[in-house]
Amino acid sequence: MMNKKKLELYIHIPFCAKKCAYCDFLSFPGNVQMQREYMEQLGEEIRLQAASCSEYQVVSIFIGGGTPSILSASDILELMETLKGSFTISPEAEITMEANPGTVKLDSLKDYRAAGINRISLGLQSADDTELGYLGRIHTFDEFLKTYQRVRMAGFSNVNVDLISAIPGQTLDSWKNTLKKVTMLKPEHISAYSLIVEEGTPYYDRYGAHVELSDDCLTSEERRRLMALPELPDEDTEREMYYLTQTLLAEQGYERYEISNYSRPGFECAHNIGYWTGTEYLGLGLGSSSYIDGCRFHNTPDFREYTTAHLDQEEDFQKCLRQEFETLTREERMEEYMFLGLRLMRGVSALGFITRFGQSIRSVYGSILDQLAADGLLEYVSGYYRLTERGIDLSNYVMSKFLLN
Ligand code: SF4
């Protein structure tokens, strides 16, 4: 047990009550029959994948989606039992489940907790009901408050709230209002991302570079509403929102530990930190990605292919669960270690680098580190190389400097 390697698990539950207008995640509404088929196959996948993970100890689990809380509590309990029966899970493992307001009852939350889930991540996005409507969310702020209260009543002492800034029609004041209302509740963790208009979403039809309504599944009424949405905040306002997030959350006792993630001391998300520091991870469920033994691969994103595959047969297993399999070169692993580590405010550990690669970070990146430091984009503090504020602003440029080929 002592020498087992660390492994993180990500479990994908692709079902949502309704698709949000900005969402490009692999998620969709699914009826009870689809959910049943999916959960059965997921159980089968967990048992089969775990068989080749005996040298690992699971240090964190993230049940994400989609909306995992849309499943029945018994589905989640069964999932947890399968995981416990298949993997060696550390007693200290952080086990997070995503939940959306309006989809969770108090009894279910108590069941989740009894099953070992010890962290809940709530998707709020905005405290303004008009903005929630623009996003196509299914809940109001009031419904979020009720859900948040239930989460606390069920005994969860580690809660994240997801927020999005730069929503259509959003002003600096309304973003400030969202931050204030959320910090008053004192969640342990807040994720605050800027809206990105992703290709393939209704938002892309409305706000993308080439506005052209695609032949998607929107009704004419939905299209009319989409085109009537207000403009996105301009770049300057978006910038101001970004800086406001940092100052307001710092004033309220939240430490920014990653570009878009804030927590009270000691409540950083262990699962995300593991990801950003190169811990191996196994993705289970539709479309989920894995990084094991220096190899990257992902599961099929095709629901029918996934649910009908005979995973106990080698051919189906490989076809369904080892897509785009690639072995990273040593250089690619170093690049990835830098890209991910620099997202953390503390930066990349010089000791961590030498432990992992058997050579010092300076022997690989010495001249680049010196040049970026001279340009005021990077600094060395207590054994870590980290981005300065200016470096974060120019992060695409900085990251490009760490490419080795
Ligand atoms: S709830 Fe989340 S995963 Fe589901 S459609 Fe909305 S943004 Fe996407």
Side-chain angles (χ1 to χ4, degrees), residues 10-32 34-35 38-39 42 62-72 75-76 96-104 108 119-141 143-144 146-148 151 159-168 170 178 182 189-208 214 216-219 222 225-226 229 232 260-261 269 271-272 283-289 298-299 301 303 306:
Y10 172 77
I11 322 283
H12 191 65
I13 308 295
F15 306 109
C16 284
K18 168 179 166 279
K19 190 82 179 165
C20 301
Y22 61 96
C23 176
D24 77 328
F25 300 136
L26 181 54
S27 64
F28 39 81
N31 59 32
V32 175
M34 285 170 78
Q35 291 177 9
Y38 184 76
M39 293 311 286
L42 180 60
F62 197 99
I63 306 171
T67 306
S69 53
I70 209 167
L71 297 174
S72 68
D75 278 337
I76 297 291
T96 304
M97 179 174 146
E98 287 186 328
N100 274 326
T103 60
V104 263
S108 307
R119 185 171 183 269
I120 293 284
S121 177
L122 289 172
L124 167 63
Q125 319 313 351
S126 168
D128 182 299
D129 287 347
T130 306
E131 290 170 12
L132 289 172
Y134 293 159
L135 290 172
R137 304 286 299 179
I138 57 162
H139 57 87
T140 60
F141 180 61
E143 279 163 337
F144 162 79
K146 287 184 186 129
T147 303
Y148 186 86
V151 169
V159 179
N160 169 58
V161 178
D162 279 339
L163 298 176
I164 296 181
S165 62
I167 294 170
Q170 191 173 44
T178 287
V182 170
H189 191 283
I190 296 175
S191 294
Y193 287 88
S194 262
L195 179 80
I196 296 175
V197 176
E198 302 282 4
E199 219 167 316
T201 64
Y203 263 32
Y204 193 78
D205 292 341
R206 169 69 179 86
Y207 301 109
S214 57
D216 50 31
C217 49
L218 297 184
T219 64
E222 283 169 334
R225 270 193 270 130
L226 182 68
L229 287 180
L232 296 170
S260 307
N261 283 278
C269 174
H271 185 83
N272 285 347
L284 298 153
L286 198 66
S288 55
S289 306
H298 65 83
N299 289 0
F303 186 82
Y306 180 77

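Indexing begins at 1, ligand by ligand and atom by atom, following the structure's order.
- Remark: ligand 1 atoms within the under-4.0 Å shell around heavy atoms of Asn100 are 1 (S).
- The closest approach between Gly123 and ligand 1 stays at or above 4.0 Å for every heavy atom of the residue.
- Checked by atom type and distance alone, the side chain of Ser288 pairs as donor or acceptor with a backbone atom of Gly283 at under 3.5 Å.
- Not a single N/O/S atom of Cys20, whether from backbone or side chain, sits less than 2.8 Å from atom 4 (Fe) of ligand 1.
- Proximity to Lys18 (heavy-atom distance under 4.0 Å) selects the following atoms of ligand 1: 5 (S).
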If you apply the rule side chain to side chain donor-acceptor pair (under 3.5 Å), what do you find for Tyr22 with Arg137, and how did you get there?
CA-CA 10 Å; Tyr22 61 96; Arg137 304 286 299 179; 3.1 Å; yes

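- Using a 30° and 60° split on the angle between ring planes, Phe144 and Phe141 fall in the parallel class, below 30°.
- Every atom of ligand 1 is numbered from 1 in the order shown, and the set under 4.0 Å from a heavy atom of Phe25 is 3 (S), 8 (Fe).
- The ligand atoms of ligand 1 that sit less than 4.0 angstrom from a heavy atom of Cys23 are 3 (S), 5 (S), 7 (S), 8 (Fe).
- A side-chain hydrogen bond (donor to acceptor under 3.5 Å, both in side chains) with Asn160 is found for one member of Glu98, Arg119, His189 and no other, namely His189.
- Assignment of Arg137 to the shell around ligand 1 is supported, since a heavy atom sits closer than 4.0 Å.
- Using a distance-only test at 3.5 Å, with no hydrogens or angles considered, a donor-acceptor pair links the side chain of Thr178 to the main chain of Ala127.
- Taking every non-hydrogen atom of Gly66 and a distance limit under 4.0 Å, the qualifying atoms of ligand 1 come out as 3 (S).
- With a 6.0 Å radius and a threshold of 12 heavy atoms from other residues, nucleotides or ligands, Glu198 has its CD atom above the threshold.
- The aromatic rings of Phe28 and Phe15 lie perpendicular to each other, with more than 60° between the two planes, well past the 30° mark.
- Of the protein's non-hydrogen atoms, the one nearest atom 7 (S) of ligand 1 is Tyr22 OH, 3.4 Å.
- Under a 4.0 Å criterion applied to the non-hydrogen atoms of Cys16, ligand 1 contributes the atoms 1 (S), 3 (S), 4 (Fe), 5 (S).
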